[in-house]
Amino acid sequence: MSRARPFSTALNIVAALALLACGHDRASQAIDSTHAGSSFKVALLTPGPISDQSWNAGAYQGLLRIRDSLGAQVSHIQTKTPADFEENFRQYGAQGYTLVIGHGSEFQDAAKRVAPEFPKTTYVTTSGATTGPNLAGLSFGFAEPSYFAGMLAASVSKTGKIGAIAGQEIPPVAESFRAYAQGARAVNPAIKIVTSYIGNWDDVSAGKEQALAQIAQGVDVIFQNADAAGLGVFQAAREHAGTYVIGSNSNQNGVAPDVTLGSVVIDLPLAFLTVAKEVKDGTFKPGLVVLGSGTRVVTLVLNPTLASKIPNTMRSRIDSLQAEMVAGKFQLPAASDSSAHAKS
Amino acid sequence: MSGGWSAFVEATVRTATPLGLAALGELVVERAGIINIGLEGVIIAGSFGALVGATHAGIAGGYAAATLCGVGVAFAFAIFAVWLRADQIITGTAVTLLGLGLAGTLYRAMYGASGAALTIPTSRALAIPILSRIPVVGAGLFDQPIVTYVFYLMTPCLWWWMYHTHAGLATRAVGESPSAAEAAGVRTNRVRLWSLLFGGAAGGLAGGTLVLAQAGTFAEGMSAGRGFIAIAIVVLGRWHPLGVGIAALVFGAASALQYVLQALGLNLPYQLFLAFPYLLTLVALAGVAGRVRAPAWLARVDEG
């Protein structure tokens with residue numbers, strides 16, 4: 001029955017090699033040769049594609065800012081699994097990189113394991129809280145601007161029902177959505193808030209479906225934090241007049257200017273540059289770096305195109321509260337369940 | 001609550017359309033004795049093709065390019081699987097990784113790292129007179145983009161083709177016993193190739209649907225595992241065109257229910273909702289497992 005073909009084994013090997021090659025290619029490093037030879041080398045690991053117009057795009061811009069402002073030789077890699085995280089951290093350590101940034105709280109465990117092996121490299125995880133002699137966590141004050149986003153959503157909503165959509169319920173998202181709900185209730189105590197999770201950060205169609213389901217339930221303002229999948233939320237709003245979106249992470253006001261009220265923007269380039277400068281000068285003290293209240297790193301940026309949709313009183317209220325926040329004078333009202341918030 | 005019902009039916013059909021198209025294509029491939037687990041790569045190639053086609057030649061150009069890209073990726077698979085008789089699982093995995101990697105790389109090369117967000121026009125829904133007025137389900141089923149009607153029509157057409165034409169019989173014969181088919185004068189490799197190319201066209205169209213009828217943009221990895229779900233739907237539909245069409249709708253309904261349940265704001269862990277379509281598929285598979293038989297020559301590389 002089975003006439004084994006002599007060359008089928010060989011072919012399988014070829015196919016397997018092709019597979020390996022492709023797998024490798026998918027996570028291949030993009031080394032920028034602009035400042036090749038510079039002794040200051042900075043690497044960035046992102047959990048998703050840098051074309052997401054959000055979390056990962058901002059980080060990549062930060063990396064380029066480091067290259068241009070500090071003359072660093074930079075490298076970026078997109079990683080998928082925790083095994084990749086560790087392997088790539090190790091690779092960069094072995095290649096003598098000065099600063100390696102893992103862009104997300106999911107990189108913490110891998111960074112903690114690898115950092116002691118390469119004491120000359122500084123490892124930083126964004127949204128991380130793990131620290132060590134050469135390991136720092138960079139955390140953002142996402143809560144306050146999310147609180148303002150909640151106020152904004154509640155003041156624009158005509159149905160009294162607002163939504164929030166994210167990829168997964170990771171700690172920074174949970175904290176942000178809690179503050180969003182709090183801000184909304186501060187404006188309208190009777191407001192209804194529904195939260196949906198897509199399950200991943202890539203599936204644009206599923207992101208759109210989650211938004212459409214919320215819209216069908218009467219939701220008319222959605223705060224989204226789902227990276228690439230969040231593009232589907234904008235699309236859903238574009239197809240339903242009177243529905244608005246608040247973006248996250250990067251300034252997404254230009255993604256869909258006709259439906260985006262504003263964005264909770266993390267100025268990742270500023271944050272990365274601040275850290276990289278200190279690392280380069282040797283003044284960086286590894287630990288928990290909090291860039292929040294008292295800085296301009298995370299802010300709610302309103303979309304000028306839709307300014308007319310936002311009540312004037314609300315706009316000036318948000319402006320003055322935000323000015324207080326930047327001055328370090330704004331304190332979030334204590335939440336009823338403040339367990340997660342207490343950490344930052 | 002009738003508005004809610006209609007929204008549920010619409011979401012069901014929207015979710016089922018790309019899955020159903022890809023699964024019907026894969027069905028023909030599997031009935032010819034080949035398993036293309038590179039379907040995920042075919043779909044993402046279709047999505048990327050749709051983006052490129054639509055930016056240059058409108059929505060119709062987008063669908064055409066999506067289909068062509070799907071065919072192209074399937075042809076690459078065919079070279080290894082049909083002529084060179086490489087292991088189909090390994091080749092398919094390579095094709096999936098190649099498709100995902102290539103689409104992402106080309107996307108960044110052509111549109112830059114910042115991407116081309118939400119610039120693609122999407123195809124409008126086309127209401128079918130009379131049918132779309134049926135209470136409760138009419139608007140959901142019959143007020144959809146054209147590609148949905150392609151899915152509706154493809155299901156019975158494939159059934160007729162598979163069981164009432166010589167070509168359909170030949171395809172099934174190749175999947176069951178290639179040596180017998182060969183003896184009867186069927187050119188087995190030609191049948192396998194055409195099946196794969198059809199599967200590629202359908203998978204590419206599925207990828208195009210994601211971009212042109214749903215997202216209005218391209219994102220790396222936006223196929224999000226639909227190729228593998230479509231392969232499961234083929235099994236769930238018991239390798240029968242009508243079964244596959246229904247299975248796609250059942251999976252779509254389970255997903256739509258998940259969306260609605262989350263939007264209702266029930267206070268349950270969201271992971272439960274997300275797992276629901278997959279749990280349902282598992283239960284349904286377990287239920288039919290005893291009575292269902294795959295094509296005898298599926299994924300075998302040796303000639304009988």
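Residue numbers begin at 1 in each chain, while the letters A, B, ... track the order of the sequences.
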Segment of A:A211 engaging chain B (4.5 angstrom heavy-atom cut-off) | neither
Contacting moiety of A:I198, where chain B heavy atoms sit under 4.5 Å = backbone
Of the backbone (N, CA, C, O) and the side chain (C-beta and beyond), which part of B:L274 lies under 4.5 Å from a heavy atom of chain A, both, or neither?
-> side chain
Non-hydrogen atoms of chain B under 4.5 Å away: do they reach the side chain of A:T195, the backbone, both or neither?
-> backbone
Relative to chain A, which segment of B:T122 carries a heavy atom at a distance below 4.5 Å: side chain, backbone, both, or neither?
-> side chain
Can you tell which part of B:A213 gets under 4.5 Å to a heavy atom of chain A, answering side chain, backbone, both or neither?
-> backbone
Name the member of A:S205, A:A228, A:G218, A:A213 that forms the most heavy-atom pairs with chain B at distances under 4.5 Å.
-> A:S205
Of A:I193, A:I215, A:L212, A:N200, the largest count of non-hydrogen pairs under 4.5 angstrom with chain B goes to A:L212
Please name the pair of heavy atoms, one in A:Q168 and one in A:Y197, separated by the smallest distance, quoted to 0.1 Å.
-> C-CD2, 3.6 Å
What is the ring orientation for B:F8 with B:W5, classed by angle as parallel under 30°, tilted 30 to 60°, or perpendicular over 60°?
-> perpendicular
Ranked by heavy-atom pairs below 4.5 Å to chain B, first place among A:E169, A:Q214, A:K192 goes to A:E169
Do NZ/NE/NH1/NH2 and the carboxylate oxygens of B:R14 and A:E209 come within less than 4.0 Å?
-> yes
Geometric class of the A:H103/A:W55 ring pair [parallel <30°, tilted 30-60°, perpendicular >60°] = parallel
When heavy-atom pairs shorter than 4.5 Å are enumerated against chain B, which of A:N56, A:D203, A:I165, A:V194 gives the highest number?
-> A:D203
Ring centres under 6.0 angstrom apart (A:F223, A:Y244) = no
Can you name the salt bridge (Lys or Arg N to Asp or Glu O under 4.0 Å) partners of A:E239, sequence neighbours left out?
-> A:K208
Only one of B:I43, B:L21, B:L19 forms a side-chain contact (heavy atoms from CB on, under 4.5 Å) with B:T209, so which one is it?
-> B:L21
